[in-house]
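The structure appears below as C-alpha coordinates.
Not measured: the values here are computed from a predicted model. In what follows, chains are A, B, ... by sequence order, proteins preceding strands, each numbered from 1.
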Number of protein chains: 2
Amino acid sequence: MASNLDHFFSALADPTRRAVIARLTSGPASVSELHAPHDMALPSFLKHLGKLESAGMVRSLKIGRVRMVHIEAVPMAEAEDWLKTQRRIWEGRLDRLSALAEHLERNGDHG
Amino acid sequence: MASNLDHFFSALADPTRRAVIARLTSGPASVSELHAPHDMALPSFLKHLGKLESAGMVRSLKIGRVRMVHIEAVPMAEAEDWLKTQRRIWEGRLDRLSALAEHLERNGDHG
DNA sequence: CCATTACTTAGCCATATGGCTAGCAATCTC
DNA sequence: GAGATTGCTAGCCATATGGCTAAGTAATGG
(Lines give C-alpha, C1' and ligand atoms only; values in the text may rest on other atoms or scores of the structure.)
Protein backbone atom coordinates (compact mmCIF):
# COMPACT_ATOMS: atom_id res chain seq x y z
CA MET A 1 0.00 0.00 0.00
CA ALA A 2 2.45 2.62 1.19
CA SER A 3 0.42 5.82 1.51
CA ASN A 4 1.61 9.17 0.27
CA LEU A 5 2.41 10.10 3.83
CA ASP A 6 4.98 7.29 3.96
CA HIS A 7 6.89 8.87 1.13
CA PHE A 8 6.40 12.45 2.27
CA PHE A 9 7.58 11.90 5.80
CA SER A 10 10.43 9.64 4.83
CA ALA A 11 11.52 12.21 2.26
CA LEU A 12 11.63 14.78 5.05
CA ALA A 13 13.53 12.50 7.41
CA ASP A 14 16.87 13.47 5.91
CA PRO A 15 18.69 16.78 6.51
CA THR A 16 20.00 16.99 2.94
CA ARG A 17 16.49 16.67 1.57
CA ARG A 18 15.05 19.15 4.06
CA ALA A 19 17.78 21.57 3.06
CA VAL A 20 16.82 21.13 -0.59
CA ILE A 21 13.18 21.82 0.22
CA ALA A 22 14.16 24.85 2.26
CA ARG A 23 16.29 26.11 -0.62
CA LEU A 24 13.52 25.53 -3.14
CA THR A 25 11.00 27.54 -1.16
CA SER A 26 12.91 30.60 -2.27
CA GLY A 27 12.68 29.65 -5.93
CA PRO A 28 13.57 27.02 -8.55
CA ALA A 29 17.18 25.96 -9.07
CA SER A 30 19.26 23.72 -11.27
CA VAL A 31 20.60 20.38 -10.07
CA SER A 32 24.13 21.70 -9.68
CA GLU A 33 22.98 24.80 -7.83
CA LEU A 34 21.11 22.57 -5.43
CA HIS A 35 24.05 20.22 -5.13
CA ALA A 36 26.71 22.89 -4.52
CA PRO A 37 26.28 23.41 -0.74
CA HIS A 38 26.27 19.68 -0.02
CA ASP A 39 29.56 17.88 0.56
CA MET A 40 28.56 14.78 -1.30
CA ALA A 41 29.16 13.26 -4.74
CA LEU A 42 26.60 14.26 -7.35
CA PRO A 43 25.17 10.75 -7.85
CA SER A 44 24.52 10.50 -4.12
CA PHE A 45 22.81 13.85 -4.23
CA LEU A 46 20.76 12.80 -7.24
CA LYS A 47 19.31 9.95 -5.20
CA HIS A 48 18.02 12.50 -2.72
CA LEU A 49 16.50 14.59 -5.48
CA GLY A 50 14.96 11.41 -6.86
CA LYS A 51 13.26 10.69 -3.57
CA LEU A 52 11.90 14.19 -3.28
CA GLU A 53 10.58 13.92 -6.80
CA SER A 54 9.05 10.48 -6.42
CA ALA A 55 7.44 11.64 -3.18
CA GLY A 56 5.87 14.33 -5.34
CA MET A 57 7.37 17.13 -3.28
CA VAL A 58 9.38 18.46 -6.16
CA ARG A 59 9.15 18.55 -9.93
CA SER A 60 11.78 19.10 -12.54
CA LEU A 61 12.16 19.88 -16.21
CA LYS A 62 15.26 19.45 -18.26
CA ILE A 63 16.07 22.22 -20.70
CA GLY A 64 19.21 21.66 -22.71
CA ARG A 65 21.68 20.07 -20.35
CA VAL A 66 20.29 21.78 -17.28
CA ARG A 67 17.50 20.35 -15.15
CA MET A 68 15.51 22.95 -13.23
CA VAL A 69 13.83 21.81 -10.06
CA HIS A 70 10.90 23.47 -8.31
CA ILE A 71 8.87 22.73 -5.23
CA GLU A 72 5.39 21.26 -5.33
CA ALA A 73 2.65 22.41 -2.97
CA VAL A 74 0.32 19.57 -2.19
CA PRO A 75 2.48 17.05 -0.30
CA MET A 76 3.77 19.62 2.15
CA ALA A 77 0.21 20.59 2.91
CA GLU A 78 -0.85 16.95 3.31
CA ALA A 79 1.92 16.17 5.74
CA GLU A 80 1.22 19.33 7.68
CA ASP A 81 -2.48 18.48 7.79
CA TRP A 82 -1.84 15.06 9.22
CA LEU A 83 0.23 16.54 12.02
CA LYS A 84 -2.29 19.29 12.58
CA THR A 85 -5.12 16.78 12.83
CA GLN A 86 -3.31 14.64 15.36
CA ARG A 87 -2.34 17.66 17.39
CA ARG A 88 -5.89 18.97 17.37
CA ILE A 89 -7.33 15.72 18.65
CA TRP A 90 -4.63 15.45 21.23
CA GLU A 91 -4.96 19.08 22.32
CA GLY A 92 -8.72 18.77 22.29
CA ARG A 93 -8.31 16.03 24.82
CA LEU A 94 -6.02 18.13 26.98
CA ASP A 95 -8.33 21.08 26.54
CA ARG A 96 -11.19 19.21 28.12
CA LEU A 97 -9.06 19.01 31.23
CA SER A 98 -8.83 22.78 31.35
CA ALA A 99 -12.20 23.48 29.78
CA LEU A 100 -13.14 26.12 32.29
CA ALA A 101 -10.01 28.18 31.79
CA GLU A 102 -10.38 28.06 28.06
CA HIS A 103 -14.06 28.90 28.27
CA LEU A 104 -13.32 31.94 30.38
CA GLU A 105 -10.58 33.02 28.07
CA ARG A 106 -12.87 32.78 25.08
CA ASN A 107 -15.52 34.78 26.88
CA GLY A 108 -12.92 37.48 27.35
CA ASP A 109 -12.69 37.61 23.55
CA HIS A 110 -9.97 40.22 23.46
CA GLY A 111 -8.53 39.30 20.17
CA MET B 1 24.44 14.80 14.49
CA ALA B 2 21.04 13.72 13.22
CA SER B 3 18.62 16.46 14.24
CA ASN B 4 15.41 15.84 16.08
CA LEU B 5 13.52 16.34 12.85
CA ASP B 6 15.34 13.35 11.36
CA HIS B 7 13.90 11.13 14.04
CA PHE B 8 10.50 12.74 14.12
CA PHE B 9 9.87 12.54 10.41
CA SER B 10 11.31 9.09 10.03
CA ALA B 11 9.17 7.93 12.95
CA LEU B 12 6.13 9.22 11.07
CA ALA B 13 7.17 7.61 7.79
CA ASP B 14 5.57 4.31 8.75
CA PRO B 15 1.83 3.56 8.77
CA THR B 16 2.05 1.36 11.86
CA ARG B 17 3.71 4.13 13.81
CA ARG B 18 1.28 6.77 12.53
CA ALA B 19 -1.58 4.50 13.58
CA VAL B 20 -0.07 4.24 17.06
CA ILE B 21 0.21 8.02 17.29
CA ALA B 22 -3.35 8.39 16.08
CA ARG B 23 -4.51 5.88 18.66
CA LEU B 24 -2.60 7.60 21.44
CA THR B 25 -4.13 10.97 20.72
CA SER B 26 -7.30 9.60 22.26
CA GLY B 27 -5.53 8.55 25.44
CA PRO B 28 -2.78 6.34 26.91
CA ALA B 29 -2.77 2.60 26.31
CA SER B 30 -0.83 -0.50 27.24
CA VAL B 31 1.61 -2.16 24.86
CA SER B 32 -0.74 -5.04 24.14
CA GLU B 33 -3.70 -2.72 23.55
CA LEU B 34 -1.59 -0.81 21.07
CA HIS B 35 -0.37 -4.01 19.47
CA ALA B 36 -3.78 -5.68 19.11
CA PRO B 37 -4.97 -4.07 15.84
CA HIS B 38 -1.67 -4.73 14.07
CA ASP B 39 -1.11 -8.04 12.29
CA MET B 40 2.48 -8.35 13.34
CA ALA B 41 4.49 -10.25 15.94
CA LEU B 42 4.90 -8.41 19.22
CA PRO B 43 8.70 -8.02 18.97
CA SER B 44 8.29 -6.40 15.57
CA PHE B 45 5.71 -4.06 17.01
CA LEU B 46 7.96 -3.26 19.95
CA LYS B 47 10.58 -1.99 17.54
CA HIS B 48 8.06 0.52 16.26
CA LEU B 49 7.19 1.63 19.76
CA GLY B 50 10.90 1.90 20.44
CA LYS B 51 11.36 4.28 17.55
CA LEU B 52 8.46 6.43 18.61
CA GLU B 53 9.89 6.58 22.10
CA SER B 54 13.46 7.32 21.05
CA ALA B 55 12.13 10.01 18.74
CA GLY B 56 10.59 11.48 21.88
CA MET B 57 7.08 11.32 20.46
CA VAL B 58 5.88 8.92 23.09
CA ARG B 59 6.73 8.05 26.67
CA SER B 60 6.01 4.98 28.68
CA LEU B 61 6.01 3.74 32.24
CA LYS B 62 5.94 0.17 33.38
CA ILE B 63 3.65 -0.62 36.27
CA GLY B 64 3.70 -4.21 37.35
CA ARG B 65 3.95 -6.21 34.17
CA VAL B 66 2.06 -3.67 32.08
CA ARG B 67 3.73 -0.80 30.24
CA MET B 68 1.48 2.19 29.65
CA VAL B 69 2.31 4.45 26.73
CA HIS B 70 1.27 8.06 26.24
CA ILE B 71 1.89 10.66 23.59
CA GLU B 72 4.30 13.54 24.00
CA ALA B 73 3.54 17.02 22.72
CA VAL B 74 6.68 18.76 21.68
CA PRO B 75 7.97 16.74 18.71
CA MET B 76 4.66 16.83 16.89
CA ALA B 77 4.65 20.59 17.24
CA GLU B 78 8.26 20.86 16.04
CA ALA B 79 7.63 18.79 12.94
CA GLU B 80 4.48 20.73 12.19
CA ASP B 81 6.33 24.00 12.66
CA TRP B 82 9.01 23.04 10.19
CA LEU B 83 6.40 22.27 7.56
CA LYS B 84 4.48 25.42 8.38
CA THR B 85 7.61 27.54 8.06
CA GLN B 86 8.51 26.10 4.66
CA ARG B 87 4.97 26.51 3.44
CA ARG B 88 4.84 30.12 4.59
CA ILE B 89 8.02 31.05 2.80
CA TRP B 90 6.88 29.24 -0.28
CA GLU B 91 3.41 30.78 -0.21
CA GLY B 92 4.87 34.18 0.49
CA ARG B 93 6.88 33.79 -2.65
CA LEU B 94 3.84 32.79 -4.68
CA ASP B 95 2.03 35.81 -3.30
CA ARG B 96 4.82 38.09 -4.43
CA LEU B 97 4.79 36.48 -7.86
CA SER B 98 1.07 36.90 -8.28
CA ALA B 99 1.32 40.45 -6.96
CA LEU B 100 3.89 41.12 -9.62
CA ALA B 101 1.69 39.51 -12.23
CA GLU B 102 -1.25 41.64 -11.15
CA HIS B 103 0.90 44.72 -11.17
CA LEU B 104 2.10 44.01 -14.68
CA GLU B 105 -1.43 43.31 -15.78
CA ARG B 106 -2.75 46.58 -14.37
CA ASN B 107 0.01 48.43 -16.12
CA GLY B 108 -1.25 47.04 -19.37
CA ASP B 109 2.01 45.28 -19.83
CA HIS B 110 0.62 42.45 -21.88
CA GLY B 111 -0.48 41.60 -25.36
C1' DC C 1 3.98 -22.62 43.45
C1' DC C 2 2.63 -23.25 38.91
C1' DA C 3 0.48 -21.41 34.84
C1' DT C 4 -0.61 -17.51 32.47
C1' DT C 5 0.01 -12.95 31.07
C1' DA C 6 2.75 -9.27 29.42
C1' DC C 7 6.48 -7.96 27.90
C1' DT C 8 11.80 -8.38 26.62
C1' DT C 9 16.04 -9.99 24.54
C1' DA C 10 18.75 -12.30 21.16
C1' DG C 11 19.55 -13.44 16.88
C1' DC C 12 18.44 -14.39 11.98
C1' DC C 13 17.02 -12.74 7.35
C1' DA C 14 15.73 -9.89 3.22
C1' DT C 15 15.46 -5.54 1.50
C1' DA C 16 16.14 -0.50 1.60
C1' DT C 17 19.09 3.45 2.25
C1' DG C 18 22.84 6.42 1.61
C1' DG C 19 27.30 6.84 0.38
C1' DC C 20 31.07 6.00 -3.26
C1' DT C 21 33.68 5.52 -8.17
C1' DA C 22 33.80 4.98 -12.95
C1' DG C 23 32.20 5.86 -17.02
C1' DC C 24 28.39 7.25 -20.56
C1' DA C 25 25.50 10.89 -22.87
C1' DA C 26 24.11 15.06 -24.21
C1' DT C 27 24.80 20.02 -25.03
C1' DC C 28 27.13 24.36 -24.89
C1' DT C 29 31.32 27.11 -26.13
C1' DC C 30 35.14 28.29 -28.57
C1' DG D 1 34.54 19.38 -33.91
C1' DA D 2 37.30 19.24 -29.42
C1' DG D 3 36.74 20.07 -24.94
C1' DA D 4 34.32 21.60 -21.00
C1' DT D 5 29.93 21.46 -18.50
C1' DT D 6 25.92 19.11 -16.72
C1' DG D 7 23.66 15.37 -15.69
C1' DC D 8 22.66 10.21 -15.74
C1' DT D 9 23.54 5.04 -15.14
C1' DA D 10 25.62 1.09 -13.32
C1' DG D 11 27.42 -1.21 -9.82
C1' DC D 12 29.76 -1.75 -5.32
C1' DC D 13 29.65 -1.38 -0.26
C1' DA D 14 28.25 -0.74 4.70
C1' DT D 15 24.67 -0.02 7.64
C1' DA D 16 19.76 0.55 8.83
C1' DT D 17 15.08 -1.12 8.75
C1' DG D 18 11.36 -4.09 9.38
C1' DG D 19 9.91 -8.51 9.65
C1' DC D 20 10.36 -13.25 11.99
C1' DT D 21 11.14 -17.20 15.78
C1' DA D 22 12.70 -18.83 20.04
C1' DA D 23 13.48 -18.41 24.45
C1' DG D 24 13.85 -15.61 28.77
C1' DT D 25 12.02 -12.58 32.75
C1' DA D 26 8.74 -10.64 35.78
C1' DA D 27 4.15 -9.93 37.70
C1' DT D 28 -0.49 -11.95 38.81
C1' DG D 29 -3.95 -15.29 39.64
C1' DG D 30 -5.67 -19.64 41.12
Annotated protein contacts, base or backbone, on nucleotides 10-20 of chain D with a non-hydrogen cut-off under 4.0 Å, one of B, S, - each: -------SBBB

List the steps and the verdict of side chain to side chain contact (heavy atoms under 4.5 Å, CB included) for B:Trp82 and B:Phe8. CA-CA 11 Å; B:Trp82 189 89; B:Phe8 302 163; over 6 Å; no

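- B:Glu80 has no carboxylate O lying under 4.0 Å from a charged side-chain N of A:Lys84, or vice versa, which leaves the two without a salt bridge.
- Within the 4.5 Å cutoff, the side chain of A:Leu12 has heavy atoms near those of the B:Leu83 side chain.
- Between the P atom of D:dT9 and the CG atom of A:Leu49 lies a distance of 13 Å, rounded to the nearest Å.
- Nucleotide C:dA25 holds its P atom 17 Å from the CG atom of A:Leu46, rounded to whole Å.
- Here C:dT8 presents its P atom at 9 Å from CD of B:Glu53, a figure rounded to the nearest Å.
- No side-chain heavy atom of A:His70 sits less than 4.5 Å from a side-chain heavy atom of A:Leu24.
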Detail all sub-3.5 Å separations between protein N/O atoms and N/O atoms belonging to nucleotides 27-30 of chain C.
residue, atom, partner, partner atom, Å
C:dT27, O2, A:Arg65, NH1, 3.2
C:dC28, OP1, A:Arg65, N, 3.1

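- Taking 4.5 Å as the limit, every side-chain heavy atom of A:Val20 sits out of range of all side-chain heavy atoms of A:His48.
- A 4.5 Å side-chain heavy-atom check between B:Val31 and B:Val66 finds every atom pair outside the cut-off.
- Rounded to whole angstrom, the span from the CE atom of A:Met68 across to the C1' atom of D:dT6 amounts to 13 Å.
- The ring-ring contact (aromatic ring centres under 6.0 Å, His included) pairs that include a residue from residues 14-35 of chain A are A:His35-A:Phe45, where partners are two or more places apart or lie in different chains.
- For the pair A:His38 NE2 and C:dC20 P, the interatomic distance rounds to 13 Å; values are reported in whole Å.
- Residues forming a salt bridge (Lys or Arg N to Asp or Glu O under 4.0 Å) with A:Arg65 (at least two apart in sequence, or on another chain): none.
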Please output the side-chain donor-acceptor pairs of residues 53-64 of chain B that fall under 3.5 Å, not counting sequence neighbours, one pair per line with the distance.
residue, atom, partner, partner atom, Å
B:Glu53, OE1, B:Ser60, OG, 3.1
B:Glu53, OE2, B:Ser60, N, 3.2
B:Glu53, OE2, B:Ser60, OG, 3.1
B:Ser54, OG, B:Gly50, O, 3.3
B:Ser54, OG, B:Lys51, O, 3.4
B:Ser60, OG, B:Arg67, NH1, 3.0

Watson-Crick or G-U pairs under 3.5 Å in DNA chain C, rendered as dot-bracket with [ ] for crossing pairs and | for another strand: ||||||||||||||||||||||||||||||

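- At least one side-chain heavy atom of A:Pro15 sits under 4.5 Å from a side-chain heavy atom of B:Asp6.
- Nearest heavy atom pair, residue A:Glu78 against residue A:Leu5, reads O-CD2, 4.1 Å.
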